[in-house]
Amino acid sequence: MGKTIAIANQKGGVGKTTTSVNLAASLAATKRKVLLIDLDPQGNATMGSGIDKYEVESTSYELLVDEKPLSEVICTETTGGYDLLAANTDVTAAEIKLMEVYARELRLKNALEPFKDGYDFIIIDCPPSLNMLTVNAMAAADSVLVPMQCEYYALEGLTALMDTISKLSSVVNKDLHIEGILRTMYDPRNRLANDVSEQLKRHFGDKVYRTVIPRNVRLAEAPSFGAPAMYYDKSATGAKAYLALAGEVLKKQAQLATAS
């Protein structure tokens, strides 16, 4: 059965979508079958996958509200080599519609259940807020990967997110846990970034990935070309960093499989 990872942080601008797209592409490059789910109405993960969010026929709305089967609503022709459940502004309406239905927080989980065996990894790009879409992601996920910048306010946000995950695990998903904490937009010349990084490692130990994602122009440019960084410029340090992250994710998965 595939592993479902929600990419989440209640703070915006920390690299959630960049991580979702590039981790999905990096895992797909290792011959894993990957599904990327865009739950953010901004549709940035959709555009970054080479799919025009304004032209797409089906989105997360059709899956969550109309209850269409996943197989009928995914896009398979992405630039990253993974399947995609797209998003656009229609997904905002999905959140409103979900408030009217029974067991609304389980819509995504129930929709994915029949298809999980068909994927090695399902990556969910969450909105930058705790709304019904994010709750659906947390209910469906096995774990949460938290991208964050190494700055003071990010530490406060991380504390709030941990509290949120703890509360959600007791209500909608008792098995939900932290997959890992990813340091993004990292500049080793910045003293504060290094200080915060050390605090993270002291507090969270091996939950902090060894891989750090640097500030990288190529990484920032890639979405405007509708492609993950590794297909825009495979020599870019950002592209290499996400391949290294995929390696860590796969290694952890293998260790868990061996332990069980």
Side-chain angles (χ1 to χ4, degrees), residues 1-24 26-27 34 36-37 39-40 105 108-109 112 116 120-131 133-186 193 196-213 241-242 244-260:
M1 182 176 285
K3 180 165 194 174
T4 305
I5 303 174
I7 312 290
N9 192 324
Q10 289 160 260
K11 190 177 187 300
V14 296
K16 285 189 301 296
T17 298
T18 299
T19 297
S20 299
V21 168
N22 287 285
L23 178 58
S26 297
L27 288 168
V34 180
L36 174 59
I37 297 176
L39 279 189
D40 191 339
E105 69 279 358
L108 183 60
K109 178 184 174 69
L112 293 179
K116 281 192 78 170
D120 297 302
F121 288 94
I122 299 175
I123 308 293
I124 308 175
D125 185 26
C126 297
S129 60
L130 183 61
N131 56 24
L133 297 170
T134 305
V135 171
N136 261 269
M138 298 286 189
D142 298 305
S143 58
V144 184
L145 191 158
V146 184
M148 64 169 286
Q149 287 181 259
C150 289
E151 55 185 33
Y152 175 72
Y153 289 120
L155 280 176
E156 286 195 343
L158 182 61
T159 303
L161 180 63
M162 293 298 180
D163 185 48
T164 297
I165 292 170
S166 176
K167 287 175 179 173
L168 284 173
S169 65
S170 64
V171 177
V172 298
N173 184 354
K174 63 181 176 59
D175 297 320
L176 187 67
H177 62 276
I178 297 294
E179 179 73 18
I181 297 168
L182 177 67
R183 292 161 289 173
T184 60
M185 305 177 207
Y186 192 77
V196 172
S197 178
E198 287 304 314
Q199 287 185 55
L200 282 173
K201 287 190 282 189
R202 278 199 303 272
H203 193 74
F204 294 101
D206 61 4
K207 286 292 184 185
V208 180
Y209 289 111
R210 290 191 303 276
T211 301
V212 295
I213 309 301
Y242 277 110
L245 174 65
E248 281 199 65
V249 170
L250 290 170
K251 183 179 179 182
K252 181 182 285 189
Q253 186 78 337
Q255 288 171 340
L256 289 173
T258 303
S260 60

Item to check | Minimal non-hydrogen separation, Ala8 against Val144, with atom names | outcome: CB-CG1, 3.9 Å

Item to check | Between OG on residue Ser143 and CD1 on residue Ile5, distance to nearest 0.5 Å | outcome: 4.5 Å

Checklist entry - Which atom names give the shortest non-hydrogen contact between Asn173 and Met138, and what distance separates them? => result ND2-O, 2.9 Å

Item to check | Residue pair Leu158, Leu200: steps toward the side-chain contact (heavy atoms from CB on, under 4.5 Å) verdict | outcome: CA-CA 10 Å; Leu158 182 61; Leu200 282 173; 3.5 Å; yes

Checklist entry - Should we say atom NZ of Lys167 is surrounded by more than 12 heavy atoms from elsewhere, each under 6.0 Å from it? => result no

Checklist entry - Side chains of Ser166 and Asp163: donor-acceptor distance under 3.5 Å anywhere? => result no

Item to check | Heavy atoms from other residues, nucleotides or ligands near NE2 of His203 exceed 12 (cutoff 6.0 Å) | outcome: no

Checklist outcome for this item: Note: Arg183 and Cys150 closest approach over all heavy atoms is CG-SG, 3.6 Å

Item to check | CA sep, side-chain torsions, deciding dist, call: Leu130, Val135, side-chain contact (heavy atoms from CB on, under 4.5 Å) | outcome: CA-CA 7 Å; Leu130 183 61; Val135 171; 4.1 Å; yes

Checklist entry - Can we say Lys251 and Glu248 salt-bridge, meaning some charged N sits less than 4.0 Å from an Asp/Glu carboxylate O? => result no

Checklist entry - In Å, rounded to the nearest 0.5 Å, how long is the span from CG of Asn136 to CG of Leu112? => result 9.5 Å

Item to check | Tyr242/Val21 under side-chain contact (heavy atoms from CB on, under 4.5 Å): CA gap, chis, key distance, verdict | outcome: CA-CA 10 Å; Tyr242 277 110; Val21 168; over 6 Å; no

Checklist outcome for this item: Heavy-atom nearest pair, Pro128 first then Lys16, reads CB-NZ, 3.6 Å

Checklist entry - Would Ile181 and Met162 satisfy side-chain contact (heavy atoms from CB on, under 4.5 Å), going step by step from the backbone distance to the final call? => result CA-CA 11 Å; Ile181 297 168; Met162 293 298 180; 3.8 Å; yes

Next on the checklist: Using side-chain heavy atoms (C-beta onward) and a distance below 4.5 Å, is Thr19 in contact with Thr184?
Outcome noted: yes

Item to check | Closest approach of Pro147 to Val14 (non-hydrogen atoms, all atoms of both residues) | outcome: O-CG2, 3.4 Å

Checklist entry - Of the non-hydrogen atoms in Leu23 and Ala246, which two are nearest, and what is the gap between them? => result CD1-CA, 3.9 Å

Checklist entry - How long is the span from the OG1 atom in Thr4 to the CG atom in Leu108, to the nearest 0.5 Å? => result 8.5 Å

Checklist entry - Given Asp142, which of Lys109, Lys174, Lys116, Lys3 fulfils the salt bridge (charged side-chain N to carboxylate O under 4.0 Å, His left out) condition? => result Lys116

